[in-house]
Structure formats: C-alpha cells, structure tokens
Amino acid sequence: MAGTTPQPASHTRSWWGWGWTDAHPDDAECIAMGALLPGTLGRPLPVPRVSDLEIAGPAAEPPQSLAHLVSTDRGDRAAHSMGKAYRDVARALRGRPGRIPDLVARPTDDRDVADLLDWAGEREVAVVPYGGGSSVTGGVEYRGDAHRAVMSLDLTTMGRVLEVDTEGRAARIQAGTLGPSLEDQLRPHGLTLRHFPQSFEFSTLGGWLATRAGGHYATGRTHIDDFVQSLRVVTPAGTSSSWRLPASGAGPSPDRLFLGSEGALGVITEAWVRLQERPRHKASAAVSFTDFQDALRAVRAIAQSDLSPANCRLLDSGEAALSGAAHDGSSVLVLGFESADEPVGARLERAVALARSHGARYEAADGAGGDAAVGAWRSAFLRMPYLRDGLVRMGAVAETFETAATWDRIPALIDEVRREVGAAAVKATGHPATVNCRLTHVYPDGAAPYFTVLAAGRAGDEVAVWDELKAVASEVLHRHRATITHHHAVGRDHRPDYDRQRPEPFALALRAAKGALDPRGILNPGVLVD
C-alpha cells in the first residue's frame, strides 16, 4: 500500500539547541536553575544568532543538474553544522560552532543520492549524513581540513512509508522519515514500530539504523536492530539491497555491516522493518527503595524473569529528585507493561512483588502515588534536553553519557563513576558536582547505566571542562570493560575509546570495507575508521 507524504511541522527548530525554539526556558527560568548550581554565571548567555556567525561562501558549487537539490542558505548551513550534544550547544553559545558545511543537499530518491555521491567523490567533497541532527557524539559534524568542501546530506525529504504488509506486519519506509511522521503514517493500518528514543520527535529512521539507536523498550527489543528485516544502502561503489527475510543463516548478515555504520560506509535510504499491533492494554507503577543496592538486585531479578516489562527504569536518589519522582532520598523503579491482546495487570503485580521481596516500598491504595511518580518521570524525560540547554546558557556543564556492562560489574562501575567524575569536577572547577545514575535498559546478563553530570563550568572554557570529566568517565568504563556507548553511537567524540574497545582483526576488516565501499574517503570522514 502506498503511503502519504507527511506534512511539515508548524514549529521552528532551534539551529543551536534542542528541539523547538518556543519550548526553550526563558531567561528567568535559566537564572532560577543556575541559582541551584554553585559556580554558574549571574545571567544567561544570549541566545546565539546566525547573523553573528562568520560564514564564508561555499567552497564548491554543484552542477546545474544537482543545483535544485542543494541549499547554500546561511541559516540552513549553520543548522546542519553540528548535533545537539553539550559540546555543540556550548560552542554555539560562544559563537564557535566549528566547520559549517558549504552545502546542504536534500535528495528525493536513491538516484539523487547516488548522483550527489558521484559528484562529491569527483570534487573531493566530504558528505556527512545528517539524519534528524540529534547526534550527541559529534556524528554529524565535519572536523579537519582534508576535503575541499563539506556537504551535509539531509534525507528528510525522503519521508514516506512506501509499503505496508499487514499480513506480515512489516513496512518499507524511507530513511528520512521522522519519528512522529512514521507513526502517523502507520496508524491507519493499526500498526506501530513502537521505537521511541528520547530524540523521537527530531530523529529519523535512517538515523536510528545508522546509530543502532536504543528505544522505548527497557527489556527485550531494546535496539532498532531487533526490528530490521532488510536495508537498502547507496554507497559510492553501488547500491546494496538485502532480501527481506524473517530470519537467515546465510553467512554474515549484510544488514549488520551497515547497522551502526553512521554513514561512513554508505547512505541508508530505506528499510523493511517489523511492526506490531498498537497496544490496547497498559499498566504502570513506581516503587521506591531506601537502599540503591537493593534496587539493583530487584531490577536484576525482574530482568531475569519471564515478565519482559516494556519499562523498567531505575532512578537513583539524585535522578529521582531531579525528575520529581521522589524527594525523600529514595531510589525509584518505574515499571510499565503493555500488550495488544491481553490485560497486563497480573504481570505488573508479579513485578511489584519481586521488587518488594528485595525491599521495595509500594503503596497501591488508589494508584495515585505510583501514577504521580511515573508521570513526573515521563514529563521530566521529555523536558530534560530543554532544561539542559538552559543550564548551559548559565555557563554550567550539563551532560549525560551511557554505557552497558554485565551485572557482576554494575555496582562498582556506578560507584566509581560517581566518585571519580565528582572528584574531577571539583578539581576542574573548584565546585562540587552532581553525578546521578539511572538504568535505562536491563538484560538478564547486565544493564545499561545512564549518567547525568551537572557541574560548574569555567567561563569561556566550558567545553574543556566537559572533555576533562568525560575523559575520567571513559577511563572508568574501560577499566570495567563497559562499552563506550550503549545506544548513542560512536561519532567522533567516542572514537578513541571505540578504537580501544574493538578487536584489531575486526578493525582491519572494517578498514577494508571502508576502502572498498568508499574508495575516495568522502563519507563522514573520521567516524569509525580513518
């Protein structure tokens, strides 16, 4: 069945920060937040304007045959110069966004993508696939000067659901489809992909695939990988189109080569993805713990059961307070179940009973307390990136990072990250920092801790402070053999630690694949391999 072309959003995207411009905290709210963090500025940095940037003219000009696909507008180029990490926001506020692309290309089909890559290869133009621009690891910016010019490749004009197979519950979807549009186009069929990363509103299917994004589910199908049937990828060496299959044992999977490749090997243009019926039964609750170690044991027990909660997010006391889920020093476990065909109340009750057997407190008189905590967490989850930008305007370091490790390493890993990053913040700024932790995804054999760091900055040198703190955190992760990223991708920021994590024979194979598929080295240079 043919899809419909989505309608454009009515809001205005921020070129320098997260999300919509009209959702950012105003100056008064920024000042109020800054007052809670010692060492911040007295007044917020001004919202940056594109007109204040020094933007040189384009260093390359496409041929007439491609000119209709390419923009050289200053605002368009500035908006495509970087992602939405703390480093990006802090640099933009200081008027230092880095290398601004010379061109922004918006292809409408595979042929356009291939033609743009052919031209870029001939002219030594770097091509940086942009997705929705929500990268938080330096994945969509160009660093260095090895190329004549830089072109940002924006596929959001390729935003349609092309086919829906209702019998097989799958759909063929263009890679530039943004999350809300994807779900809107599936809704008439009673189906859903149900992959909801925090960036859902501002990220694309292709971006999720290229970064192996984590999504809605805290257990089971946690990554976009789990939904993929086949991929279509345009590379400088030709187009790769894998067969649509429910499963296969035919050698190494071609799709696995491109999942997580971050545009360094090719441009994902469409995918067949597995769908499901929209859930009709939902139930949620929040339980609290006095002791965080008890909470970890409870989460492990639930993850190792057959309950498969859709949500199983553990907030430490600091994270619970920050989100408004608890203010009494408790850690909070947010549980959620859903199903398309049967009530889930019994599964929720079993999960709560497991948590209580490990010391959880739960008051279920009318559900109001649990519902309030769940609602507070959900609201804070969606609002947090905007508040982060408000704190950055106050000169604060406000950022997150995530990892995953086996259960035997989790307790010491969390303790050492808190302690060592906190000590590094005091050393770098002279002020104490807040280092909170939550578990976002859990597995029978381990979990994915997600850390929030709030610290004072050094005026004009905020990025350097964060780099110092992130270096300390990365050393702790490496010491515990915890991955440098669970679902935020490698990008350029994580590249040194990714090089340490991956086996050298695999690195050799990846370099060979890069050389074969992108012989002129134009695709997202500096990501994954040199």
Side-chain angles (χ1 to χ4, degrees), residues 33 35-38 198 218 284-303 309 311-336 351-352 354-363 368-384 387-388 391 396-403 405 407 409-426 431-442 447-456 469 473 476 482:
M33 288 190 293
L36 301 176
L37 192 63
Q198 189 176 33
S284 61
V287 299
S288 57
F289 296 83
T290 301
D291 187 283
F292 186 68
Q293 300 305 315
D294 287 344
L296 288 176
R297 286 186 281 271
V299 171
R300 187 181 71 218
I302 293 170
N311 198 0
C312 186
R313 316 250 169 167
L314 175 61
L315 318 178
D316 71 5
S317 58
E319 196 75 7
L322 193 65
S323 67
H327 296 286
D328 60 357
S330 297
S331 299
V332 173
L333 173 59
V334 179
L335 292 165
V352 169
L354 265 178
R356 293 182 70 174
S357 72
H358 288 82
R361 303 188 307 275
Y362 177 59
E363 299 178 4
D371 287 348
V374 172
W377 167 79
R378 185 177 294 114
S379 297
F381 179 75
L382 297 174
R383 181 67 174 151
M384 192 57 67
L387 300 181
R388 187 265 327 247
L391 280 169
V397 172
E399 185 58 303
T400 62
F401 63 94
E402 33 72 54
T403 184
W407 281 117
R409 295 184 172 98
I410 289 292
L413 170 67
I414 293 174
D415 286 346
E416 289 178 30
V417 167
R418 287 173 176 154
R419 182 174 63 254
E420 295 188 27
V421 173
V426 172
H431 297 280
T434 296
V435 184
N436 296 332
C437 178
R438 66 182 185 267
L439 301 187
T440 59
H441 302 78
V442 294
Y450 192 115
F451 296 92
T452 300
V453 180
L454 302 175
L469 303 187
V476 177

So do the side chains of [X] and [Y] get within less than 4.5 Å of each other, counting heavy atoms only?
X: M33; Y: L387; answer: yes
X: I414; Y: F451; answer: yes
X: Y362; Y: L333; answer: no
X: T452; Y: R438; answer: yes
X: E402; Y: P449; answer: no
X: V397; Y: L454; answer: no

Please walk me through it: do V453 and E399 pass side-chain contact (heavy atoms from CB on, under 4.5 Å)? CA-CA 5 Å; V453 180; E399 185 58 303; 5.5 Å; no
At their closest point, which heavy atom of A456 faces which heavy atom of P38, and how far apart are they?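 In terms of heavy atoms, the two residues are closest at CB-O, 3.3 Å.
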S323 side chain vs E319 backbone, donor-acceptor pair below 3.5 Å: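 Such a contact is found between S323 side chain and E319 backbone.
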L335 backbone acceptor or donor facing N311 side chain under 3.5 Å: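 No; judged by distance alone, with no hydrogens or angles, the pair does not exist.
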Distance, nearest 0.5 Å, that separates [atom1] of [X] from [atom2] of [Y]:
X: L314; Y: T440; atom1: CG; atom2: OG1; value: 10.5 Å
X: M384; Y: L322; atom1: CE; atom2: CG; value: 4.0 Å
X: D316; Y: C437; atom1: CG; atom2: SG; value: 5.5 Å

R361: what forms a salt bridge (Lys or Arg N to Asp or Glu O under 4.0 Å) with it, not counting sequence neighbours?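 R361 satisfies salt bridge (Lys or Arg N to Asp or Glu O under 4.0 Å) with D328 once adjacent residues are dropped.
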According to salt bridge (Lys or Arg N to Asp or Glu O under 4.0 Å), who are the partners of D294, at least two apart in sequence or on a separate chain?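 In terms of salt bridge (Lys or Arg N to Asp or Glu O under 4.0 Å), with neighbours along the sequence ignored, D294 is linked to R297.
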side-chain contact (heavy atoms from CB on, under 4.5 Å) between V334 and V287, worked out: CA-CA 7 Å; V334 179; V287 299; over 6 Å; no
Go through the structure and list residues passing side-chain contact (heavy atoms from CB on, under 4.5 Å) with [X], not counting sequence neighbours.
X: A482; value: T403, A405, L413, L477
X: A425; value: A433, A455, L469
X: A35; value: none
X: A473; value: F401, V421

Pair R300-I410, side-chain contact (heavy atoms from CB on, under 4.5 Å): steps then yes or no: CA-CA 11 Å; R300 187 181 71 218; I410 289 292; over 6 Å; no
Does F289 have R356 sitting over its ring (NZ/CZ under 6.0 Å from centre, angle to axis within 45°)?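 Output no; distance or angle outside limits.
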